[in-house]
There are 2 protein chains.
Amino acid sequence: MASRSTRTPGIKDVAALAGVSASTASKALNDTGQLRAETRERVRRAAEQLGFTPDSRGRALASGRSFTVGLITTDSSGRFSIPIMLGAEDALSAGKMALVLCDTRDDPLREQHYLKSLVSRRVDGIIVTGRRTEAREPIDVPIPVVYAFSPSTDPDDTSVIVDDHGGAASATRHLLSLGREQIAHVTGPESHLSAGIRAAATMGAARDAFVGQPLYGEWSERWGRHAVDVLLRAQPTVDAITCGSDQIARGVCDRLRELGRSVPYDIAVTGYDNWSVMALASRPPLTTVDMELEELGRRTANLLLDVIAGSPRRGQLILPTRLITRESTLGT
Amino acid sequence: MASRSTRTPGIKDVAALAGVSASTASKALNDTGQLRAETRERVRRAAEQLGFTPDSRGRALASGRSFTVGLITTDSSGRFSIPIMLGAEDALSAGKMALVLCDTRDDPLREQHYLKSLVSRRVDGIIVTGRRTEAREPIDVPIPVVYAFSPSTDPDDTSVIVDDHGGAASATRHLLSLGREQIAHVTGPESHLSAGIRAAATMGAARDAFVGQPLYGEWSERWGRHAVDVLLRAQPTVDAITCGSDQIARGVCDRLRELGRSVPYDIAVTGYDNWSVMALASRPPLTTVDMELEELGRRTANLLLDVIAGSPRRGQLILPTRLITRESTLGT
DNA sequence: GAAAATCCGGAACACGTTTTCCTGGACGAA
DNA sequence: TTCGTCCAGGAAAACGTGTTCCGGATTTTC
């Protein structure tokens, strides 16, 4: 009875079983065209009986779209790319789109290779993301592109980025609202854009309450611990420390505890990133700024879908952060 | 001169420019068939001039393959899935395959949805991975499948897993070789397969040197800290602690330091996972077991490629771990 | 110089679907 | 009865590539 071997059934098999033509079967299954309800139902039953699944390669060819988008990340082992990726994947799968993953490992050659591959697959769009907030060179492809987290250097490109300034400012305002009057800032390398922006935002929001200069170092717990020593020597009366990352903040908390300073009663501490393994494991748990990267990924994907659908939205979309308050800044 | 608008050029455009037929152009570009070298070169130049990129949808349709594999993960935010994913992507991209990402978020409904989508895309194969080492129900698709990290409950399926027993044993043997004579074990929930296996392996390798019973708790720094108190009360002369995870080990180290016990001189400590943010940030840095998950991802992908190519390799492939020695077990 | 072998390239088809166009029939209205 | 309208469904083209087959052209061989 099996026509050939047990090949996966095509629409023609369904059509044959239902006693109609392939085109009629297509219309029946896609709820298009003019068909009798009875015919539609018959085709539908035939499809179910055969376990028919439409071959999207054929569909892609016919529709001119591939229902696939590519995600190019320079470094997906980084903890920023991953939530973005997941958010994008979530939003895309809701729209029946698939996401193909391309990790360039920061290698321009690999990036070229992936771009060719994506163009060759006639991907409907591309999301480009990076591990730093610095703007990056745009990619050159005849396909809609949206940049996430790292914007394109071309302001006419579509980019979705985090409001780093607002995030840092919100942490500082939170400390001010708790009555803190001497706020210091410990962060990563001065050469990193995000470190500079967060430092500037902190100083801007703290105004007279800011003490000393931002302490630039590296994104590590060790630097956080060391910075405490430096800071207390210069500013012994400091009552709050905002940090450029949760790692630094955790180091700061550890060192303060070792020195017998109570967090938050003597000194309040804030982090940045809401990286749960740091923010929650810290003693005490950290008040921190969540960049809502998964939401950023979702928004990026939806923006890309809009562009694909024909309504391009140029320029930078700046998404707000969210302040998560925990014990490291409890009110006194 | 442009035939229509600035459409992306097809092979027919290349053929027209080179003054040959489409089929000849195909042969020229794929180094197949019988063509004069001069013709080949002419076509090649035409392709380059037009910036021609073959449409892989057409190729997929014609070849019956999609050059795509799906990766189903129950939870890609987990830190185990990510390196596996990256390794797989790396191995696949070398073989001109693309990886489409499906994060089920542990929702059976989403899993079904993704499976349908992958089947519909006529994916060449599927990699299934999970965040626990427990075996999982196999998926039912007419497509080659390889399971990574979480094997299939069907022993005839192809699975690639970590040698958890060997990993834990290697850490213990390492401690024995350093002359440690009273080894304890602190790990996660007893209900977790990996916790049980690692505990059994530790006891088996330590033999008489094992003291007390494995301490089961949770995979957290807090439990590690607490376990130290429990352990020192019962076994005050313990000189080595193997932990079921780096998080636990970090907590253990922290608490020991607070109690004035030196790691490694008084008590040596080992972790598990080589999760850099824990293992390197710990004081002191942790000797730990690296499951080499990226390599596991690569092996999985290559195995899948083999299956796709027609040489199925059934059963479980158990990959070795690697012991990374750091200061937490320095020789005395 | 003719037959055979070799080389080159084109035409046609296959892949699976969607879509456009078209036909045959049913039905209603004049 | 006849014409027009509408509906259900079929035939064919289109998407872009790879592959198979075949004929014409060129070279080789006797």
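Scope of the values below: all heavy atoms of this structure, side chains included, with no hydrogens, waters or symmetry mates. So that the names make sense, note that chain A is the first sequence line, chain B the second, and so on, each numbered from 1.
Take B:T321 and apply the side-chain hydrogen bond (donor to acceptor under 3.5 Å, both in side chains) test, not counting sequence neighbours, and it matches no residue. Judged as a ring-ring contact (aromatic ring centres under 6.0 Å, His included), and not counting sequence neighbours, B:Y114 has no contacts. Residues that satisfy the ring-ring contact (aromatic ring centres under 6.0 Å, His included) test with B:Y147, not counting sequence neighbours, are absent from this structure.
Residue pairs that meet the salt bridge (Lys or Arg N to Asp or Glu O under 4.0 Å) test with at least one member in residues 140-163 of chain A, sequence neighbours left out, do not exist here. Within the structure, every pair that satisfies the salt bridge (Lys or Arg N to Asp or Glu O under 4.0 Å) test and touches residues 75-84 of chain A, not counting sequence neighbours, is listed here: A:D75-A:R131, A:R79-A:D273. Note on residues 297-310 of chain B: pairs passing salt bridge (Lys or Arg N to Asp or Glu O under 4.0 Å), not counting sequence neighbours, are B:D90-B:R298, B:E294-B:R298, B:E295-B:R298.
Looking only at side-chain heavy atoms (C-beta outward), B:L304 and B:I127 come within less than 4.5 Å of each other.
One finds no salt bridge joining A:E48 and A:R44 here, because no Lys/Arg side-chain nitrogen approaches an Asp/Glu carboxylate oxygen to under 4.0 Å.
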Can you check nucleotides 10-12 of chain D for protein contacts, nitrogen or oxygen pairs under 3.5 Å, and list what you find?
unit_1 : atom_1 : unit_2 : atom_2 : d
D:dG10 : OP2    : A:S21  : N      : 2.9
D:dG10 : OP2    : A:S21  : OG     : 3.0
D:dG10 : OP2    : A:T24  : OG1    : 2.3
D:dG10 : O6     : A:K27  : NZ     : 2.8
D:dA11 : N6     : A:S23  : OG     : 3.3

Which pairs, protein N/O on one side and nucleotides 25-28 of chain D N/O on the other, fall under 3.5 Å?
none

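Contacts of residues 41-55 of chain A with DNA chain C (heavy atom under 4.0 Å): A:F52, A:P54, A:D55. Scanning residues 29-39 of chain B for heavy-atom distances under 4.0 Å to DNA chain D yields B:N30.
Side-chain contact annotation: B:R122 with B:T68, donor-acceptor N/O pair under 3.5 Å absent. Side-chain atoms of A:S21 and A:T24 form a donor-acceptor pair, as typed in the model, at a separation below 3.5 Å.
When heavy atoms are screened at a 4.0 angstrom cut-off, A:G64 is found touching no nucleic acid atom at all. A:S63 comes within 4.0 angstrom of nothing in the nucleic acid, heavy atoms only. In this structure, A:R57 reaches neither bases nor backbone, as no heavy-atom distance under 4.0 Å exists between it and the strands shown.
The only member of A:R136, A:R132, A:M291 that meets side chain to side chain contact (heavy atoms under 4.5 Å, CB included) when paired with A:F149 is A:M291.
In this structure, the helix from C:dG1-D:dC30 to C:dA30-D:dT1 shows an angle of 60° between the axis at its start and the axis at its end, each fitted on 5 base pairs and rounded to 10°.
First and last contacts of DNA chain C with chain B, using any nucleotide atom under 4.0 Å from a protein heavy atom and ordered 5' to 3', fall at C:dC8 to C:dG16.
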